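These numbers were taken from a predicted model, which means no experiment stands behind them. The sequence lines fix the lettering, A, B, ..., with proteins before strands; numbering per chain opens at 1.
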Amino acid sequence: MKQLIEQNLTIAVSRFLADRNLHPEKLPAIAIDHARDTQHGDLASNIAMLLAKPAGLPPRVIAEGIRNFFPATEGLERIEIAGPGFINFFLAKTAYLQIIPDILSDGLNYGKSTAGKGRKILLEYVSSNPTGPLHIGHGRGAAYGSVLANLMQVAGYDVTTEYYVNDAGRQMDILAVSVWLRLLQLGEHPDLGFPSNAYQGKYIEQIAKDFVSTDTALPKADIDALSCLLALSIDEDKKLDQIIAYTRSTLGIKPYETLFDFTLGKILAEIKQDLLEFGVSFNNWFSERSLITSGAVASCIDTLQANGDLYEADGAKWFRSTLYGDEKDRVLIRENGQMTYFASDIAYHLNKFERGFDEIIDIWGADHHGYIPRVKGAIAAVGKDPEKLTILLVQFATLYRGKQKMQMSTRSGEFVTLKELRNEVGNDATRFFYVTRKSEQHLDFDLDLAKSHSNDNPVFYIQYAHARICSVFKQMHDRALDFDQQLTVEQLTPLTEPHEQNMIKALTRYKEIIITAATNREPHMLAFYLRDLANDFHTYYNSCQFLVEDINIRQARLCLIKATRQIISNGLGLMGVSAPEEM
RNA sequence: GCCCUGGUAGCUCAGUGGAUAGAGCGUCCGCCUCCUAAGCGGAAGGUCGCAGGUUCAACUCCUGCUCAGGGCACCA
C-alpha cells in the first residue's frame with residue numbers, strides 16, 4: 001500500500017510540474033512516512049515543502065496542486081493538506097485490514113523480505129581469545145551479533161557467521177604455561193611460585209586437574225631452575241617469555257603441544273557450549289593457526305614485502321601503514337622473530353576477501369577502534385577494497401555491583417562470566433537487556449539490579465503479552481467457541497475500536513522495522529518495537545473483551561490478536577528470546 | 001595532544017531534517033464478581049550540555065567549546 005501511494009505521488013508530482021510548466025533542476029526525493037499522529041492520517045509526505053524552493057511556490061499551493069493531480073487509488077479514502085504543507089493520506093479501513101490475513105497466512109515466515117537482494121555477507125563476531133571463559137563484555141557482542149545475523153537473514157541477505165579463533169601466539173603460550181605451573185603445584189610442588197601476569201583464574205586449576213585425570217605423563221621439570229626463574233626480579237613480561245621458552249624446552253615439542261591442545265580444546269569447548277546455551281551459533285570456526293600452517297601469513301608478508309610496504313627497523317619488520325592513513329607504522333614480526341597478531345589478521349582478512357563476499361562485517365569491542373586504520377590499510381596494501389569491510393564497534397558494558405564499579409580482567413581472573421550472568425538473570429532477560437540499547441552506547445549493567453528485580457525487565461512485559469494471547473485461545477477451546485482464522489477483509493470490518501486501529505497500524509510497521517534494523521545494523525529497533533507492540537496489546541486487552549457473544553466481532557478480534565501473537569513470537573525469535581505460552 | 005562514543009524527565013534510555021520531544025523505573029491518584037494486576041488509565045516531571053551556522057523547518061546536519069567514558073604497545 002505504501003509503495004502504491006509513493007508511486008502515485010510521484011506521478012502526481014510530475015503531472016503537477018508539467019501542468020505548471022515547471023522543470024526544477026533537482027527533483028527532491030519523493031518519500032512517504034507513517035504519520036506519527038493519527039490525526040495526520042496513515043501516511044504523510046513532505047514533498048510540497050521540499051518543492052517550495054525549486055518550484056518557487058508556497059508549499060500549500062504545491063500540496064493542493066499535487067492533490068488535484070493525484071491518480072484515483074483504490075484503498076485511499078482521502079488526502080488532506082495540513083500544517084505548513086504536509087500531504088496526509090487517509091487509507092480506507094479495508095486497505096490496512098489486509099495485514100491480518102497476510103500475517104496469518106505467512107505465519108512463521110511473515111516478516112521475510114528481499115530487501116537485502118541476496119547480498120553475500122560475512123559476519124564475524126565474538127572471536128574472543130580462547131584464554132578463558134566468556135565474560136559479560138563478550139556477551140554483549142554475542143547477543144548483538146546473533147540478533148543482527150538473524151535480522152539480516154530475514155531481510156534477504158545471505159549471511160555467513162564466523163568466529164575467529166586466536167589459537168596461536170603468545171597469549172596461548174602464556175595460557176599453556178599457566179596450566180603447567182598449576183599442574184606442578186597440584187603435584188609435588190605446592191609452594192612453587194606463579195607469575196602475576198599469567199592467567200590466574202580458577203578455571204586454569206580445573207583444566208590442570210582434568211589433565212591429571214588423563215594420566216598423560218609429562219617430562220620432569222628441573223624445579224630448582226624453574227624456581228630461580230620465577231624468583232628473578234626482571235621485567236615481568238620478559239620473565240614470562242623466559243618461562244615460556246623454558247617450558248617448551250623442558251617438555252619438548254610433542255608434550256608441549258599435547259598440553260597446549262588439551263588446554264585449548266577445554267576452553268574452546270567451554271566457549272562453544274556457553275554460546276550454544278545462549279542461543280548463539282556460528283557457521284564457521286576459523287582457526288588462526290591454520291593460516292600460519294598453510295603459509296597464508298607468510299605469503300601475505302611476502303606480498304607486502306614485494307610491494308615495498310615493509311621495512312626493517314630495530315630488528316623488527318614493520319608495515320608502512322602510515323601510507324594508508326594510519327597514524328603510525330605497525331610491527332608485523334617482532335625483534336624476537338615472533339609474528340604479531342596483526343600479521344595473521346591481515347592474512348585472515350585477505351582470506352575473507354578471497355571467499356567472495358559482497359560485504360564483510362566485523363563486530364569489535366570499542367576498545368579496538370584504533371585498530372581499524374591499520375587493518376583497512378593492510379587490505380588496501382594487498383590489493384583489496386577496504387570499503388567492502390565494515391567494522392561495527394560495540395561499546396563495553398561497565399559493570400556495577402550496586403554503586404561499586406567492577407574491574408574486569410581475564411588475566412587476573414576477576415570477572416563475572418557470561419554463564420554466571422545467564423544463570424542468575426536468565427537467558428531471555430540477558431539477551432534482551434544487551435540488545436535493548438544502541439550498540440555504540442555505553443551499557444551500565446548493575447548486577448544487583450538485574451538480578452534482584454529481574455521481573456521488572458522489559459522482556460517479561462513482551463512475553464506476558466504473548467502468554468495472555470495464548471491464554472485467550474485456551475479459554476476459547478475450553479468454552480468450545482468457534483473460530484475461523486481464514487477471515488476475509490470484509491469479515492474483519494467489525495474491528496472499529498480505536499485500540500484496534502492502533503494495533504493494526506502497529507502490525508503494519510513490523511516488516512519495515514526489520515528491514516531498517518537490518519540495513520542500519522541496529523537490532524535495538526526491534527526490541528523497542530516489540531515493547532511498543534506489547535504496550536498496544538495490553539492497552540487493548542484492558543479495554544476490550546475478546547471472547548464476546550457476537551460471533552462476528554469475536555472472530556475478527558481473535559484474528560487480530562492471533563496476528564499480534566505471531567508478530568511477537570516472530571520478533572522474539574529473531575532476538576533469540578523465547579515466547580512462552582504461559583507465565 | 002590525537003582518535004572513537006556519548007550528554008534528551010529524578011534515574012536508565014528511545015527518537016531515520018518535519019506537525020504538541022517519548023518510554024521504562026521512581027513519585028502521586030485511580031482500576032480486578034469480568035479472557036493472567038508480571039496488566040491498564042490519569043497526574044506531576046524538559047532552556048533536548050553550551051554557543052554559533054545551514055534550512056521553509058534542527059534533539060536530528062555542520063563548526064567551535066565544554067563535560068563524561070573509552071582508545072592511542074615489538075599486548076590482545
Practice problem: Mind checking A/T516 for me? I need base, sugar-phosphate or nothing, with any heavy atom below 4.0 Å counting as a touch. | Solution: base
Quiz item: Between B/rA73, B/rC40, B/rC35, which nucleotide has the shortest distance from any of its atoms to the side chain of A/H538?
Solution: B/rC40
Quiz item: Is A/M476 touching bases, backbone alone, or none of the nucleic acid, heavy atoms closer than 4.0 Å?
Solution: nothing
Quiz prompt | Pair A/E387 + A/K376, salt bridge at N-O below 4.0 Å | solution = no
Quiz item: Looking at B/rA76, B/rC35, B/rA19, which one has an atom nearest to any side-chain atom of A/Y341?
Solution: B/rA76
Practice problem: Answer yes if the side chains of A/E581 and A/H466 hold a donor-acceptor pair under 3.5 Å, and no otherwise. | Solution: no
Quiz item: Is the aromatic ring centre of A/F86 closer than 5.5 Å to the centre of the six-membered base ring of B/rA19, with the two planes inclined by less than 30°?
Solution: yes
Quiz item: For A/E327, which contact category applies under a 4.0 Å heavy-atom criterion: base, sugar-phosphate, or nothing?
Solution: sugar-phosphate
Self-check item: Nucleotide nearest A/Q171 (side chain, heavy atoms from C-beta), chosen from B/rC13, B/rG24, B/rC75
Solution: B/rC75
Self-check item: A/Y164 side chain to A/D362 side chain, donor-acceptor N/O pair below 3.5 angstrom
Solution: no
Exercise. Tell me, please, which residues at least two apart from A/F546 pass ring-ring contact (aromatic ring centres under 6.0 Å, His included).
Key: A/Y540, A/Y541
Self-check item: Separation of the C1' atoms in B/rA19 and B/rC25, to the nearest angstrom
Solution: 30 Å
Quiz item: Counting side-chain heavy atoms from C-beta on, which of B/rA19, B/rU55, B/rC2 comes nearest to A/H40?
Solution: B/rA19
Exercise. Please list residues of residues 363-373 of chain A whose heavy atoms come under 4.0 Å from any atom in RNA chain B, ordered by number; otherwise none.
Key: A/D367, A/H368, A/H369, A/Y371
Quiz item: For the side chain of A/D550 and the backbone of A/I553, is there at least one donor-acceptor N/O pair under 3.5 Å apart?
Solution: yes
Quiz item: Taking A/D167 for the side chain and A/E288 for the main chain, is one N or O donor matched with an acceptor at less than 3.5 Å?
Solution: yes
Quiz item: Given the rule that a pair is Watson-Crick or G-U wobble with both distances under 3.5 Å, how would you write RNA chain B in dot-bracket, using | for pairs to a different strand?
Solution: (((((((..((((....[...)))).(((((.......))))).....(((((..]....))))))))))))....
Practice problem: Check the pair A/Y199 / A/T263 against side-chain contact (heavy atoms from CB on, under 4.5 Å), numbers first and verdict last. | Solution: CA-CA 12 Å; A/Y199 289 99; A/T263 304; over 6 Å; no
Quiz prompt | Cationic tip of A/R565 above A/F473 ring, under 6.0 Å, 45° of axis | solution = yes
Exercise. Could you work out which one of B/rG18, B/rG6, B/rA73 sits closest to the side chain of A/E440?
Key: B/rG6
Extract from the structure each pairing of a protein N or O with an N or O of nucleotides 27-34 of chain B at less than 3.5 Å, listing the distance.
from	atom 1	to	atom 2	distance (Å)
B/rC34	O2'	A/Q545	NE2	3.4

Quiz prompt | Minimum-distance nucleotide (side-chain atoms of A/R468 versus B/rC4, B/rG6, B/rG39) | solution = B/rG39
Self-check item: Proximal nucleotide (of B/rA37, B/rA14, B/rA76) relative to the A/N129 side chain
Solution: B/rA76
Quiz item: Of the nucleotides B/rG24, B/rC40, B/rG15, which has the atom closest to the A/H524 side chain?
Solution: B/rG15
Quiz item: Are the aromatic rings of A/Y348 and A/F286 close, with centres under 6.0 Å apart?
Solution: yes
Quiz item: Is the phosphate of B/rU54, meaning OP1 or OP2, less than 4.0 Å from a side-chain N or O of A/K53?
Solution: no
Strictly under 3.5 Å: I want the nitrogen or oxygen pairs between protein and nucleotides 8-10 of chain B, one per line.
none

Exercise. Look at the side-chain N and O atoms of A/R531 and state whether any lies under 4.0 Å from the OP1 or OP2 oxygen of B/rA23.
Key: no
Between protein and nucleic acid, restricted to nucleotides 41-44 of chain B and to nitrogen or oxygen atoms under 3.5 Å apart, what atom pairs and distances do you find?
from	atom 1	to	atom 2	distance (Å)
B/rG41	OP1	A/T539	OG1	3.1

Self-check item: Face-on cation placement of A/R78 at A/F90 ring, 6.0 Å and 45° thresholds
Solution: yes
Practice problem: Could you walk me through whether A/E162 and A/K352 pass the salt bridge (Lys or Arg N to Asp or Glu O under 4.0 Å) test, one step at a time? | Solution: CA-CA 10 Å; A/E162 189 157 290; A/K352 287 180 172 184; 5.4 Å; no
Practice problem: Would you classify A/D345 as touching base, sugar-phosphate or nothing, given that sugar-phosphate means primed atoms plus P, OP1 and OP2, and contacts are heavy atoms under 4.0 Å? | Solution: nothing
Quiz prompt | Check ion pair A/K474-A/D478 (N to O, under 4.0 angstrom) | solution = no
Exercise. Tell me what A/K474 touches on the nucleic acid: a base, only sugar-phosphate, or nothing, going by heavy atoms under 4.0 Å.
Key: nothing
Practice problem: Is it possible for you to check whether A/R437 lies under 6.0 Å from the centre of the six-membered ring of A/F433, through NZ or CZ, and within 45° of that ring's axis? | Solution: yes
Practice problem: For A/A44, report the nucleic acid contact type (base, sugar-phosphate, nothing); a contact means any heavy atom under 4.0 Å. | Solution: base
Practice problem: Taking atom C1' in both B/rA9 and B/rU27, compute the distance separating them and give it to the nearest angstrom. | Solution: 13 Å
Quiz item: Any ion pair linking A/K239 and A/E236 (charged N to carboxylate O, less than 4.0 Å)?
Solution: yes
Quiz item: Using a cut-off of 4.0 Å on non-hydrogen atoms, how would the nucleic acid contact of A/A52 be classed: base, sugar-phosphate, or nothing?
Solution: nothing
Exercise. Tell me, with the steps shown, if A/Q395 and A/S439 meet side-chain contact (heavy atoms from CB on, under 4.5 Å).
Key: CA-CA 6 Å; A/Q395 290 288 336; A/S439 58; over 6 Å; no
Quiz item: When we call it a touch if two heavy atoms are under 4.0 Å apart, what does A/Y541 touch: a base, just sugar-phosphate, or nothing?
Solution: base
Exercise. Tell me what A/C544 touches on the nucleic acid: a base, only sugar-phosphate, or nothing, going by heavy atoms under 4.0 Å.
Key: base
Practice problem: Please tell me which of the listed nucleotides, B/rU20, B/rG15, B/rC75, lies nearest to the side chain of A/Q39? | Solution: B/rU20
Exercise. If the glycosidic angle is within 90 degrees of 0 it's syn, otherwise anti, so just tell me which one B/rC32 is.
Key: syn
Quiz item: Ring centres of A/Y461 and A/H538 under 6.0 Å apart?
Solution: yes
Quiz prompt | A/D314 side chain, from C-beta outward: closest of B/rU12, B/rG39, B/rC74 | solution = B/rC74
Quiz item: What is the nucleic acid contact for A/A465, judged by heavy atoms within less than 4.0 Å: base, sugar-phosphate only, or nothing?
Solution: nothing
Self-check item: Short N-O contact, A/D237 and A/R170, less than 4.0 angstrom
Solution: yes
Exercise. Calculate the interatomic distance between A/F432 atom CZ and B/rG24 atom C1'; express it in whole Å.
Key: 11 Å
Quiz item: Over how many whole Å does the gap from A/L558 atom CG to B/rC35 atom C1' extend?
Solution: 10 Å
Quiz item: Roughly, in whole Å, what's the span from NZ in A/K238 to P in B/rC75?
Solution: 11 Å
Quiz item: When the distance from CD1 of A/I462 to C1' of B/rA23 is rounded to whole Å, what number comes out?
Solution: 12 Å
Quiz item: Do the side chain of A/H349 and the main chain of A/D345 share a donor and acceptor less than 3.5 angstrom apart?
Solution: yes
Quiz prompt | Any donor-acceptor N or O pair under 3.5 Å, side chains A/D482, A/Q555 | solution = no
Quiz item: Is the phosphate of B/rC2, meaning OP1 or OP2, less than 4.0 Å from a side-chain N or O of A/K328?
Solution: no
